[in-house]
Number of protein chains: 2
Amino acid sequence: MVTSLGLRATKQRAAVLALVDEVADFRSAQELHELLRARGESVGLTTVYRTVATLAEAGELDVIRRADGESVYRRCGSGAHHHHLVCRDCGAAVEVEGPAMERWAERVAADHGYSQVAHTLELFGVCPVCSAAK
Amino acid sequence: MVTSLGLRATKQRAAVLALVDEVADFRSAQELHELLRARGESVGLTTVYRTVATLAEAGELDVIRRADGESVYRRCGSGAHHHHLVCRDCGAAVEVEGPAMERWAERVAADHGYSQVAHTLELFGVCPVCSAAK
DNA sequence: CCCCTTAATGAAAGTCGTTGTCATTTCCAT
DNA sequence: ATGGAAATGACAACGACTTTCATTAAGGGG
Ligand SMILES: [Mn+2]
Ligand SMILES: [Mn+2]
Ligand SMILES: [Zn+2]
Ligand SMILES: [Zn+2]
């Protein structure tokens with residue numbers, strides 16, 4: 001999994017991968033670091049930062065910015081382009097797709113002569129679980 | 001303009017407002033501070049930060065996050081809800097609207113039981129001017 | 001297996017945008 | 001005018017993230 005990216009298989013990377021594989025919600029590097037510590041696997045915070053950055057570049061993790069600017073990561077099911085509906089309270093996320101919206105974005109950019117266009121789109125709200133827990 | 005927001009009319013706020021009124025592109029607090037200094041109006045950096053934050057909360061300035069996380073501000077023509085097509089090089093922006101996309105976002109959120117939903121959407125590219133200047 | 005090269009780790013220090021502090025200044029309602 | 005509250009700004013502090021660099025440990029070649 002990690003060796004196919006030309007990376008060495010270290011126990012730290014294994015620990016991070018195992019964690020993001022079972023945590024479904026978006027989590028920051030610091031939160032992941034804390035979760036690792038809680039389960040006895042002590043991985044340096046620097047290494048967690050480096051690992052999630054590497055995995056994100058490789059497309060293995062999705063990254064989004066929370067409202068406060070902190071980057072949060074998550075292992076997504078689909079490797080295809082998609083966006084997220086994210087819970088502000090717990091980080092729970094639903095992958096969403098909007099082909100029509102994608103085309104609209106392309107269109108708008110082209111109409112104004114912009115090139116090398118990318119877009120960011122995230123939906124934030126409170127998930128049913130957190131709503132119920134009020 | 002500023003008094004209608006329950007704020008005192010200081011020369012610093014006047015200077016910042018005059019600046020954002022004539023700069024059409026998205027600019028960071030630090031960039032605005034530098035521009036003020038360049039034109040002889042010396043306003044403290046702290047005050048620039050406070051002023052843009054206040055104006056943004058009041059809806060007088062639009063804020064978006066650049067890819068590096070830095071907040072950039074701009075005076076927009078429309079007070080209505082809209083998004084932006086922004087040049088990565090110079091900050092030039094076009095206001096864009098996508099009513100169909102807005103409805104789609106509402107729909108997706110409702111379908112998944114999420115409440116208090118908001119969304120962020122920005123289009124980034126290279127504007128025609130910067131493309132030409134290559 | 002055992003080296004040996006080199007990638008990877010991690011503690012500590014540094015970066016940088018942004019915010020808090022607090023003494024001083026300035027606005028403005030009375 | 002003048003008193004009191006709001007605003008300013010130099011400076012320190014904050015926090016997420018990165019860099020540094022000495023140390024550790026993969027893992028391929030012998
Ligand atoms: Mn998209
Ligand atoms: Mn919208
Ligand atoms: Zn939730
Ligand atoms: Zn441009």
Any side-chain heavy-atom pair from B/Leu55 and B/Tyr73 closer than 4.5 angstrom? no
Quick one: is [N] close enough that its OP1 or OP2 comes under 4.0 Å of any side-chain N or O from [X]?
X	N	result
A/Gln12	C/dA8	no
A/Arg13	C/dT9	yes
B/Ser28	C/dG17	no
A/Ser71	D/dC17	yes
B/Gln30	C/dG17	yes

Assign [X] to base, sugar-phosphate, or nothing according to its heavy-atom contacts below 4.0 angstrom with the strands shown.
X	result
B/Thr10	sugar-phosphate
A/Leu7	sugar-phosphate
B/Ala9	sugar-phosphate

B/Asp68 CG - C/dT15 C1' separation (whole Å): 13 Å
Atom pair distance, as rounded to whole Å: CG in B/Leu45 and P in D/dT8: 13 Å
Give a yes or no on whether a salt bridge exists between [X] and [Y], defined as a side-chain N under 4.0 angstrom from a carboxylate O.
X	Y	answer
A/Arg27	A/Glu34	no
A/Glu31	A/Arg66	yes
B/Asp21	B/Arg75	yes

Could you give the distance from CH2 (A/Trp104) to CD (B/Glu97), rounded to the nearest 0.5 Å? 9.0 Å
Establish whether the base of C/dG10 is bridged to the side chain of A/Arg50 by a donor-acceptor pair shorter than 3.5 Å.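 Flag set: donor-acceptor pair detected.
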Hey, is the side chain of B/Arg66 pairing donor to acceptor with the base of C/dG17 inside 3.5 Å? no
As a test of reading the structure: which of C/dT18, C/dT9, D/dG9 is closest to the side chain of B/Thr47, going by heavy atoms?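 Selected nucleotide: D/dG9.
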Of C/dA8, C/dG17, C/dC27, the nucleotide closest to the side chain of B/Tyr49 is C/dG17
Whichever of B/Ser42 and B/Arg8 has its nearest DNA chain D nucleotide further upstream toward 5':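 Nearer the 5' end of the strand: B/Arg8.
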Residue mapping more 5' on DNA chain C - nearest nucleotide basis, B/Lys11 or B/Ala53: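 That would be B/Ala53.
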